[in-house]
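Chain letters run A, B, ... following the sequence lines, proteins first, then strands; residues in each count from 1.
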2 protein chains.
Amino acid sequence: MKRREGEFALIERIRRILKNPPQTPVIPLGDDCAAVNMTPGFHTLFTTDAMVEGVHFDLRYTDWEDVGWKVMAVNVSDIAAMGGRPAWGVVTLGIPGICRPEAIDRLYSGMEKCSRTYQFSIIGGDTVHSPHAAFVSVAMLGEVEPNRLSRRSGAAAGDLLCVSGRLGGSRVALEALSSGADAGPFPGSVRRFLRPEPRLLLARWLAEQGAVTSMIDISDGLASEIHHLCRENRLGCRVRREAIPCADEVKLWTGRDNDPEYVLNSGEEYELLFTAPPSFNAAWASRENPERLPLTVLGEMTAGKKIWLENGSRDKLEQAGWDHFRSIKSGF
Amino acid sequence: MKRREGEFALIERIRRILKNPPQTPVIPLGDDCAAVNMTPGFHTLFTTDAMVEGVHFDLRYTDWEDVGWKVMAVNVSDIAAMGGRPAWGVVTLGIPGICRPEAIDRLYSGMEKCSRTYQFSIIGGDTVHSPHAAFVSVAMLGEVEPNRLSRRSGAAAGDLLCVSGRLGGSRVALEALSSGADAGPFPGSVRRFLRPEPRLLLARWLAEQGAVTSMIDISDGLASEIHHLCRENRLGCRVRREAIPCADEVKLWTGRDNDPEYVLNSGEEYELLFTAPPSFNAAWASRENPERLPLTVLGEMTAGKKIWLENGSRDKLEQAGWDHFRSIKSGF
């Protein structure tokens, strides 16, 4: 996948230029968040994520309140994927010359609702002129206890590769909404796409159980994040095709009974992909976790770096990425 | 100024929506930076500022390295204006589909140089697709000792209104460069415009001397920031027209001997506008400050809220703002 390779190459270029900073952070460039030490007993997590009109949101079917919620939620998801809690956010808003005050109100109202749900505070920002398309960029601070910190690396060969929730709904919603189809039969998918719910409680609970050896949130799609996690861990994996958990509405939309390929390339799911020790009991954890979310063992990590999709035979798991428009998005 | 009133109204709307956050920061929305308590003995400063292609930078006469330097420098300037030191930065980069890797290299190289000069570290970021115009949004963390904290409010009637450096060069450079004129005779102005030097050492030294009762950095222009500072302090002021310090190259460009009106509306100067106790000795401070920058008393703060420009007679000081393209930019 040429494009994806270009993305990693870009991050590598940036890493090289910034490789000797005046102060060294606890976790540098390249994870879901950077981390530094400020509060005694905690790592401070620092992350940023943006959404651009016409690329990450389409105002024909997205309310400004949804945009406000989602841009905050994707930052919360980065902090959740480190095992942390969000604390403080700032916003840069780029707006075209003509912008209705009600749009701003709804945008900030969505942000405010998200901040109340996940218990962080929005405390500052900057508003700039952006003539062609609106954008919203958020930076967020959070905290994590060192013993709860979950990085993208830390897995060993033999660890289980696991995922939370059931996937595919976000892609259903994008396809239905952008094609102008009736999205009425897909309320769960639409909600997941427009108002994603980062897995904050689940991530912290998993970290508490010692169930996480590495973790990432699914923004680019399961296939892409599996590649990402393997790369960061310098491992490969075997994924059982029939284990991939598929949301009910996927069948209703695609007309196909079980379609792991569809699900593998559904992005913006904001579920957690993590590796757990071989002793991890997914059935028990699915019953006991505070969000009552199904947790599925997809397969296991391997010392060989190949990434296989197994279904009787064995195929390479392709890292297709979910949407070419969105696919140059790359947090680091 | 209808547009400027619209800007303050916008910030007021946002303040209202966000007025009851789950946690209360030390300094909320509305200053150069927000501040929270994380590190014992310090306030943590948190700010964000963005630059948009075609609005805040023009690639016909701005190198990507300049863009990288400047977007970091304007965030450092916000932290300086609070009396603080920058520590950590993250970057959101919005780039059109086609973007030369050398451009990215130069952008980050400019950021890296600025980080080395002002001793902070760039530790994370996000890259997104922005089809029509590039943008760079930076969020920065800094620290300030509580006894050095300088806010936009805190002045009393009778305090001196002071400014650092000599102003106007940034406007000269913008006018010369954007009109295609030979900018060769204006090297100081061009440098100030493309590679502004935030007054970090000066701000901290002034705070240490007890010389600051309130402070703001000059991004929108002196006239606009005087209005801003008066508004935040619920005071007015009298400014002596002939006191306004004008850079040498202004005369060379405008052909006029002394042109305070020109200088009043030169933005992106990143000098400090501050109020000092009546006992403040500007001549002594100009000699002793670590940057050897001239410090000028413009006038004094008054209980009456009018803002006067005095020159024998007395006129209202208009808050024109510096560039209509740029003037909806408003940090809060």
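For the set A:Arg16, A:Gln23, A:His132, A:Met111, the count of heavy-atom pairs under 4.5 angstrom toward chain B peaks at A:Gln23. By number of non-hydrogen pairs under 4.5 angstrom with chain B, the leading residue of A:Ser137, A:Ser115, A:Ala133, A:Pro101 is A:Pro101. Among the candidates B:Thr39, B:Thr47, B:Thr44, B:Leu107, the residue making the largest number of heavy-atom pairs closer than 4.5 Å to chain A is B:Thr39. With respect to chain B, the highest number of heavy-atom pairs below 4.5 Å among A:Asp105, A:Ile104, A:Ile122 belongs to A:Asp105. Per-residue heavy-atom pair counts under 4.5 Å with chain A were compared for B:Val90, B:Asn37, B:Val52, and the maximum is reached by B:Val90.
Salt bridge status for B:Arg106 with B:Glu65: present, with a side-chain N to carboxylate O gap under 4.0 Å.
Once rounded to the nearest 0.5 Å, the distance linking OG of A:Ser153 with CE of A:Met215 reads 12.5 Å.
With a threshold of 4.5 angstrom between heavy atoms, B:Thr24 approaches chain A through N, CA, C or O but not through any side-chain atom. For B:Asn20, the parts sitting under 4.5 Å from any heavy atom of chain A are the backbone and the side chain alike. With a threshold of 4.5 angstrom between heavy atoms, B:Phe135 approaches chain A through side-chain atoms but not through N, CA, C or O.
Taking A:Tyr118 as the reference, nothing meets the ring pair (Phe, Tyr, Trp, His ring centres under 6.0 Å) condition, with sequence neighbours excluded. A:Phe120 meets the ring pair (Phe, Tyr, Trp, His ring centres under 6.0 Å) test with no other residue; sequence neighbours excluded.
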Pair B:Arg204-B:Glu145, salt bridge (charged side-chain N to carboxylate O under 4.0 Å, His left out): steps then yes or no: CA-CA 10 Å; B:Arg204 289 182 61 77; B:Glu145 303 82 350; 3.0 Å; yes

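Both tests pass for B:Lys70 against the ring of B:Phe193: distance under 6.0 Å to the centre and angle within 45° of the axis.
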